[in-house]
Number of protein chains: 2
Amino acid sequence: MNKKTAEGTGARSGIKAVAELAGVGIASVSRVLSGQPGSSPQMTQRVLEAARQLGYAPNLLAQSLRRRATHSIGFVGSDINNPLIASIVSGAESVLSVARYSVLLTNSGGIPSVDAERIEVLLQRQVDGLIVLPALEDDPATLAALRNTQAPVVLIDRTLPADIPAHYVLSDHYQGVGDAGRHLLSAGHRRIGLVVGRDVRPTRERIRAVEDAYDGFGTPRDLVVHRGTLSAEHGEEALEAMLSSETPPSAVILGGNQLLEGALRAVDRRKLQLGVDLSLICCDDVPLSRFHQPPIATVMRDTALLGKRAAEVLLAQLESPGKTEPVTLPTWFEPRQSCGRFHPGR
Amino acid sequence: MNKKTAEGTGARSGIKAVAELAGVGIASVSRVLSGQPGSSPQMTQRVLEAARQLGYAPNLLAQSLRRRATHSIGFVGSDINNPLIASIVSGAESVLSVARYSVLLTNSGGIPSVDAERIEVLLQRQVDGLIVLPALEDDPATLAALRNTQAPVVLIDRTLPADIPAHYVLSDHYQGVGDAGRHLLSAGHRRIGLVVGRDVRPTRERIRAVEDAYDGFGTPRDLVVHRGTLSAEHGEEALEAMLSSETPPSAVILGGNQLLEGALRAVDRRKLQLGVDLSLICCDDVPLSRFHQPPIATVMRDTALLGKRAAEVLLAQLESPGKTEPVTLPTWFEPRQSCGRFHPGR
DNA sequence: TTGAAAGCGGTACCAT
DNA sequence: ATGGTACCGCTTTCAA
């Protein structure tokens, strides 16, 4: 298929080689290739032809250095293995890639110091912007790293001190978990367990939501909060702990999808029947949970949308910087058999 | 906490500013900061102090341009939402990040032309290497893109024409699926359905494995192969099609984890009891599948390891280029209730 | 040991 | 419309 001689010898040729072959100046080549106006049709032809012959491909590194823009953004999350995070990344990537931005992905493993370190590296790589899901909202190193840049930063499901110039895309956990709580209370549950992660916005909102639900029922806040990491292991531990207490809760809300697997292990071991012996509600969808026996009631949200919105906010800032209002996306409660049927208050 | 004056004014200062503040030459700063030998203790001190004061952070773009190495690698996959891919990425990222490499992540959506395009962009960004999971093994554009570089390329679960210089990390699908097939055959199944994706290595190996299993039993190859994408939708379609045929298979092997959800929809709709009315085996683990009622038999593999090995092979090539033998990682069959109990051949 | 200067591969200003 | 050239921020001879 080689028309001429050295077509596609490997993308080694630079703009200089193209200029030589075309017998024109370097500046002209740059103009034509970057689609700037002010080139005669002949010039355009010659350059394009030469570039094609040499199989020229621009060195984006050099271009970025000179233009002071890399057309790349950094994503810092805890763990891409979490389908929640994966979905967010995926959503963000989809809108960024149509805008021709590349994504630098980093996993911090949920370790605050790693968050900070990774943010620093990404900034050194001169990313144009950052989408961050930090493990903590008040880690000094992370905050320092974030303060250390002019590049726009979008946070997902976290709120940072006001002195950090950042943009926010949040989920309305309060609504979904509130509905879940009210559902349980009107089903007669009076002692509800809530498994949560670290003290970040979703955790606070979920607790507040259930507390307010109790208040709305004029019932004492008999809420059992279990804190830890949002892992399957913690899900198991948390359920074990709650269920073996003197006065175990009759319903449990899991504040994270990863908890479900562990929770089910504990439930299985104790041969409890979900929806009968214990009501269970999970926050965030898990692939097969609606096919579980019984199906697992879930507080849903569109996680891909979370990533998309974050990317959109970021792109908008890249266009024209400025302050923005937080974007809040809905969550909703989907009752399923695992949270049982109504039965009169005890 | 600001010791001196302008400490941390934003990472705007370059190596030049450091040199000026320290009252030394630029070259010396570079030497000290990049840890090269041949600097007096005083020089080292002065430079370090100046850098600290200015909150200097290197511009990795400039460094990469000059060094002709970016310390970054590109990952091209179909869809990070697939927990399988997510796990691979995660595994790769974990070993790359300890080697201080950054990862550029791209989703192709399983579209061959997008694969090619994304590979091209990553190469223009001068990634030092590539880990690729292309949708097809013979897409001309993708192959051309891959041929277009000196950078080492590692393929996962794909084999390319011999003229492409690439390295391979593969799964031994033949073993796991073979065991699954033999399990079904000895349980008395004679007509087995196999749902697969496009014509890539895993698909071929799985078909071959079941065929050989039939042969090993001296039984006619009564295999029903259904081809399509590896989506939940296709899983549903495939099962609908197979189950509504005149002579439906009594057992089905799903050649991809995403198929399971769809398959379960079809099974539920028909009120079939898995392990009794129909035996089902899924390739690759799905989070809750072992908690399903009944638990889903699965052909397992360590997907994170797949990513780790790929990264290791890549790093080794970056150290010292050369040809390598394909790395093959095991798969194994885990029988569970969904594939029923033994019952005599019909 | 140290620093001046020549690039890396582009972009963009400025004069022609 | 075109091309020379300074420069982006850093590394790396090379000479002092």
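Here the structure is a predicted model, which is why all the values come from computation and not from measurement.
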Given 3.5 Å as the limit, does a donor-acceptor pair link the side chain of [X] with the main chain of [Y], or not?
X: B:Thr303; Y: B:Ile88; answer: no
X: A:Arg158; Y: A:Glu137; answer: no
X: A:Thr44; Y: A:Ser40; answer: yes
X: A:Gln126; Y: A:Arg68; answer: no

Point to revise | N/O (side chain, A:Ser30) to phosphate O (OP1/OP2, C:dT11) under 4.0 Å | key: yes
**Study point:** Distance below 4.0 Å between B:Ser40 side-chain N/O and C:dT1 OP1 or OP2
**Key:** no
Review point. More 5' along DNA chain C: B:Ala27 or B:Ala62, using each one's nearest nucleotide?
Key: B:Ala27
Review point. Residues from residues 63-70 of chain B sitting under 4.0 Å of DNA chain C, heavy atoms only?
Key: B:Leu65, B:Arg66, B:Arg68
Value in whole Å for how far the [atom2] atom of [N] lies from [atom1] of [X]:
X: B:Ile26; N: C:dG3; atom1: CD1; atom2: C1'; result: 9 Å
X: B:Arg125; N: C:dG10; atom1: CZ; atom2: P; result: 14 Å
X: A:Gln36; N: C:dG10; atom1: CD; atom2: P; result: 14 Å
X: A:Ile15; N: C:dC8; atom1: CD1; atom2: C1'; result: 13 Å

Any pair counted as salt bridge (Lys or Arg N to Asp or Glu O under 4.0 Å), so long as it reaches [range], sequence neighbours left out:
range: residues 30-45 of chain B; answer: none
range: residues 311-326 of chain A; answer: A:Arg309-A:Glu312
range: residues 86-112 of chain B; answer: A:Glu117-B:Arg100, A:Arg118-B:Glu93

Output one line per pair: protein atom, nucleotide atom from nucleotides 14-16 of chain C, and distance, for all N/O pairs under 3.5 Å.
none

Point to revise | End-to-end axis angle, where each axis spans five pairs of the helix from C:dT1-D:dA16 to C:dT16-D:dA1, to 10° | key: 40°
Revision key, fill the gap. The salt bridge (charged side-chain N to carboxylate O under 4.0 Å, His left out) partners of A:Glu120 (sequence neighbours excluded) come to none
**Study point:** Partners passing salt bridge (charged side-chain N to carboxylate O under 4.0 Å, His left out) against B:Asp79 (at least two apart in sequence or in another chain)
**Key:** none
Exercise for review: Under 4.0 Å between any heavy atoms, over every strand shown, what does B:Val24 touch: base, sugar-phosphate, or nothing? Just pick one.
Suggested key: sugar-phosphate
Check your understanding: Is A:Gly38 touching bases, backbone alone, or none of the nucleic acid, heavy atoms closer than 4.0 Å?
Key -> base
Revision key, fill the gap. Taken in chain and number order and not counting sequence neighbours, the residues that satisfy side-chain hydrogen bond (donor to acceptor under 3.5 Å, both in side chains) with A:Thr324 are A:His167
Review point. Taking only residues two or more places apart in sequence or in another chain, which ones pass side chain to side chain contact (heavy atoms under 4.5 Å, CB included) with A:Ser108?
Key: A:Ser78, A:Val114, A:Asp115
Practice item. Walk along DNA chain D from 5' to 3' and tell me the first and last nucleotide with an atom closer than 4.0 Å to a non-hydrogen atom of chain B. Key: D:dG9 to D:dT12
Review point. Taking only residues two or more places apart in sequence, or in another chain, which ones meet A:Tyr101 in a ring-ring contact (aromatic ring centres under 6.0 Å, His included)?
Key: A:His71
Practice item. Decide whether B:Thr70 and B:Arg125 meet the rule of one side-chain donor and one side-chain acceptor closer than 3.5 Å. Key: no
Review point. Do A:Glu49 and A:Gln45 have a side chain donor and acceptor closer than 3.5 Å?
Key: no
